[in-house]
Amino acid sequence: MVLENLGSSLKDTIQKAIRYAVLDKNQINEIVKDIQRALISADVDIKLVFELTNRIKKKLLEEDVPKGLSKREYLVKLLYTELANLLGDEGHKIKIEKKPFKIMLIGLYGSGKTTTCSKLAKFFTKRGYKVCMAGTDTWRPAAQEQIEQLGKAIKVDTFIDKTAKKPVDVIKKHKKAIEKYDVIIIDTAGRNALDKQLEKELKEVDKEIKSNERILVLSGDIGQNAKIQAENFHKAVGVTGVILTKMDTTAKGGGALSACAITKTPVKFIGVGEKSEALEEFEPKRFVSRMLGMGDMETLLEKVKEATEGDEKKLEELGRKMLNGKFSLLDLNEQLKAMNKMGPLSGIMNLIPGIGGMKIPKDALNMQEGELKKFNYIMNSMTLEELEEPDVLTKTRIERIAKGSGTSVAEVRELIKKYRQMKKVMKTMSGGNLKRMMKKMGIKNMKQFENMM
Ligand SMILES: Nc1nc2c(ncn2[C@@H]2O[C@H](COP(=O)(O)OP(=O)(O)OP(=O)(O)O)[C@@H](O)[C@H]2O)c(=O)[nH]1
Ligand SMILES: [Mg+2]
């Protein structure tokens, strides 16, 4: 899979967003930082990365979440769309509009031109076209043999001329024969850099064959340098598209892809291996879906929904209890379990103005797995009366519970303390207070309040 590292760190980021109970400013900032880190390690231009993440942040913090989506789903959707845009527009496939259709591959030394010729030949053969290749690299004696061998391996006719003095001679010699094919793929010689001579050579070949596509082959490992190469080759011979090779071996693929998008040089294919079938048509949206490990946008959102559904129900319940001010130790147990699964409770607390002023240590409300288990043992040793009305808990009762649950008096007291803190929060939020709070936060109705969760 291409750009595996970028894909897996973005998947981790999505998972993180799903786990959070709420997405408030702090969480959004953290997620945005994760996205930045992931894209920068994939060599995407820093300025682009910041522009992209700022747009995501602004939309999440300042704009309404579109109807029917939770904030988390919206985040995933924004990320998906922004990534797809970063990688360029859709719809730049090579279309065989007429026959013969002539595709010239150009590029620097070792970028993968010859290998890609045979990959393309196989690609179009599979789609029913009669394909041939022409090897015009007259510079290295082995170059024409290489394409001939590749042609044999995929059973595609290949035209070469080892006596030719310059590239255009090969075309001149075989012109009549190659024009009988549906698709003609022309391999050219590389250079260390694009110089006047290479430019002249390419122009001569192009003038003779009248190519329909001039495809620049770039090795993905040049990262953002793809930009300058694309510009130079475009000035020289008018590039109609790019094929990025070696995308299976480089961490810089994100740089090369985004650089092509900036220069508006459509990436038509990506090479993902040495074998002749290791070529993929490039479609930004499909590419992003696969990178994020999802089928498409719809399935992606479904997955987010599935992952958060149960938790959201529990949060809704908490909201109801907050409204009517009823809250027992049993509820505390349930809520702690639900919320610990989703991330720190402080996430919810941060949403509520005035809570900070109540001096509730945020960590006091977060519990570790082990602590939760202990609280369960303690609660199992309590009577129903004690669970529903913890105010009846006297010193003797606490000692009895500690003994019965195999815990200490301090631990039982800790549980009661957490319950009281929580209840205080509930009380502040109940009745008119909640309405006032919502008004202060600019929330018009309960639906909107739930959306923030
Ligand atoms: N892993 C991997 N290797 C590739 C890919 N494309 C090409 N290569 C390898 O890159 C090397 C150079 O490929 P060539 O096709 O000979 O490159 P070229 O541009 O024709 O080179 P010159 O003709 O010397 O300019 C070969 O070893 C290929 O197997 C790819 O997508 N993935
Ligand atoms: Mg070559």
Side-chain angles (χ1 to χ4, degrees), residues 1-5 42-43 94 103-123 132-154 156 158-162 164 166-168 170-171 184-195 197-202 205 213-223 225-226 229-230 232-233 236-237 239 241-257 260 267-282 287 290-291:
M1 169 63 189
V2 198
L3 294 177
E4 222 157 296
N5 289 339
D43 192 45
I94 294 183
I103 305 168
M104 224 172 119
L105 297 199
I106 59 180
L108 299 186
Y109 267 142
S111 54
K113 295 176 294 299
T114 310
T115 315
T116 307
C117 274
S118 68
K119 289 180 181 179
L120 273 182
K122 185 161 184 171
F123 179 88
C132 76
M133 300 195 286
T136 72
D137 185 350
T138 50
W139 286 80
R140 283 188 307 115
Q144 298 195 48
E145 263 157 42
Q146 186 193 358
I147 194 156
E148 199 175 35
Q149 289 296 326
L150 288 168
K152 269 189 194 136
I154 55 166
V156 164
T158 308
F159 295 88
I160 59 169
D161 179 9
K162 284 187 185 161
K166 49 183 189 168
V168 70
V170 183
I171 300 296
I184 305 162
I185 297 165
I186 300 132
D187 186 28
T188 63
R191 287 294 193 286
N192 278 325
L194 175 63
D195 54 26
Q197 198 195 15
L198 178 61
E199 188 176 332
K200 184 168 163 262
E201 247 177 60
L202 295 175
V205 173
E213 294 264 7
R214 285 159 304 284
I215 303 290
L216 176 62
V217 179
L218 294 173
S219 171
D221 59 21
I222 63 170
N225 282 332
Q229 280 200 36
N232 288 344
F233 271 91
V237 288
V239 169
V242 164
I243 295 182
L244 290 176
T245 63
K246 304 176 199 176
M247 293 293 277
D248 51 315
T249 59
T250 178
K252 291 181 121 189
L257 281 169
C260 290
V267 178
K268 308 262 184 180
F269 287 89
I270 52 175
V272 290
E274 293 187 71
K275 295 212 172 101
S276 59
E277 56 277 351
L279 185 75
E280 294 175 4
E281 263 185 306
F282 184 72
F287 184 79
R290 279 186 44 204
M291 194 168 68

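Atoms within a ligand are numbered from 1 in the order they appear, just like the ligands themselves.
Closest to atom 32 (N) of ligand 1, if we only count protein heavy atoms, is Asp248 OD1, 2.9 Å. Among protein heavy atoms, atom 8 (N) of ligand 1 sits closest to Lys246 CE, 3.9 Å. The closest protein non-hydrogen atom to atom 3 (N) of ligand 1 is Glu274 CG, 3.3 Å. Nearest protein neighbour of atom 16 (O) of ligand 1, counting heavy atoms only, is Gln146 NE2, 3.1 Å.
Taking both residues in full, the closest heavy atoms of Ile103 and Ile94 are given as CD1-CG2, 4.2 Å, listed atom of the first, atom of the second, then distance. Across all their heavy atoms, Ile147 and Ala134 have their closest contact at CD1-O, 4.4 Å. Nearest approach of Gly241 to Val239, heavy atoms of both residues: O-CG1, 3.1 Å. Nearest heavy-atom pair, Ala236 versus Leu194, reported as atom, atom and distance to 0.1 Å: CB-CD2, 3.9 Å. What you find for Ala143 and Asp137 is that their closest heavy atoms are CB-OD2, 3.3 Å.
By the 4.0 Å heavy-atom criterion, Ala143 is excluded from the residues contacting ligand 1.
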* Asked: Step by step, would you call Leu108 with Phe233 a side chain to side chain contact (heavy atoms under 4.5 Å, CB included)?
  -> CA-CA 10 Å; Leu108 299 186; Phe233 271 91; 3.7 Å; yes
* Derivation and outcome, side chain to side chain contact (heavy atoms under 4.5 Å, CB included), residues Gln144 and Thr138 -> CA-CA 7 Å; Gln144 298 195 48; Thr138 50; 3.8 Å; yes
* Steps toward side chain to side chain contact (heavy atoms under 4.5 Å, CB included) verdict (Leu218, Ser111) -> CA-CA 5 Å; Leu218 294 173; Ser111 54; 5.8 Å; no
* side chain to side chain contact (heavy atoms under 4.5 Å, CB included) between Leu120 and Ile215, intermediate numbers included -> CA-CA 11 Å; Leu120 273 182; Ile215 303 290; 5.6 Å; no
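Residue Tyr109 has at least one heavy-atom neighbour below 4.0 Å for each of these atoms of ligand 1: 24 (O), 25 (O). Taking a cut-off of under 4.0 Å to the non-hydrogen atoms of Thr249, the atoms of ligand 1 that pass are 1 (N). Against a heavy-atom cut-off of under 4.0 Å, Gly190 is close to the following atoms of ligand 1: 25 (O). Within the listing of ligand 1, atoms 31 (O) sit less than 4.0 angstrom from a heavy atom of Val272. Of all the atoms in ligand 1, the ones that sit under 4.0 Å from a non-hydrogen atom of Lys113 are 15 (O), 17 (O), 18 (P), 19 (O), 20 (O), 21 (O), 22 (P), 25 (O).
Here's the thing with Arg140: one of its N/O atoms is less than 3.5 angstrom from an N/O atom of ligand 1. Note: an N/O pair closer than 3.5 Å links Gly273 and ligand 1 by distance alone.
Neither the backbone nor the side chain of Glu280 has a heavy atom within less than 4.0 Å of ligand 1.
Checking each of Gln149, Lys152, Met133 against Thr158 for a side chain to side chain contact (heavy atoms under 4.5 Å, CB included) leaves exactly one that passes, namely Met133.
Listing protein N, O or S atoms at distances below 2.8 Å from the Mg ion (ligand 2), with waters left out, gives Thr114 OG1.
A salt bridge does not link Glu201 with Lys166: every distance from a Lys NZ or Arg NE/NH1/NH2 to an Asp or Glu carboxylate oxygen is 4.0 Å or more.
Residues Glu280 and Met247 are not in side-chain contact: their nearest non-hydrogen atoms beyond the backbone lie 4.5 Å or more apart.
Counting only non-hydrogen atoms, the option in Gly107, Gly110, Ala189, Gly271 that gets closest to atom 21 (O) of ligand 1 is Gly110. The heavy atom nearest to atom 7 (C) of ligand 1, considering only Thr114, Thr115, Ile106, is found in Thr115.
A search for ring pair (Phe, Tyr, Trp, His ring centres under 6.0 Å) contacts involving Phe159 returns His174, Tyr181, not counting sequence neighbours.
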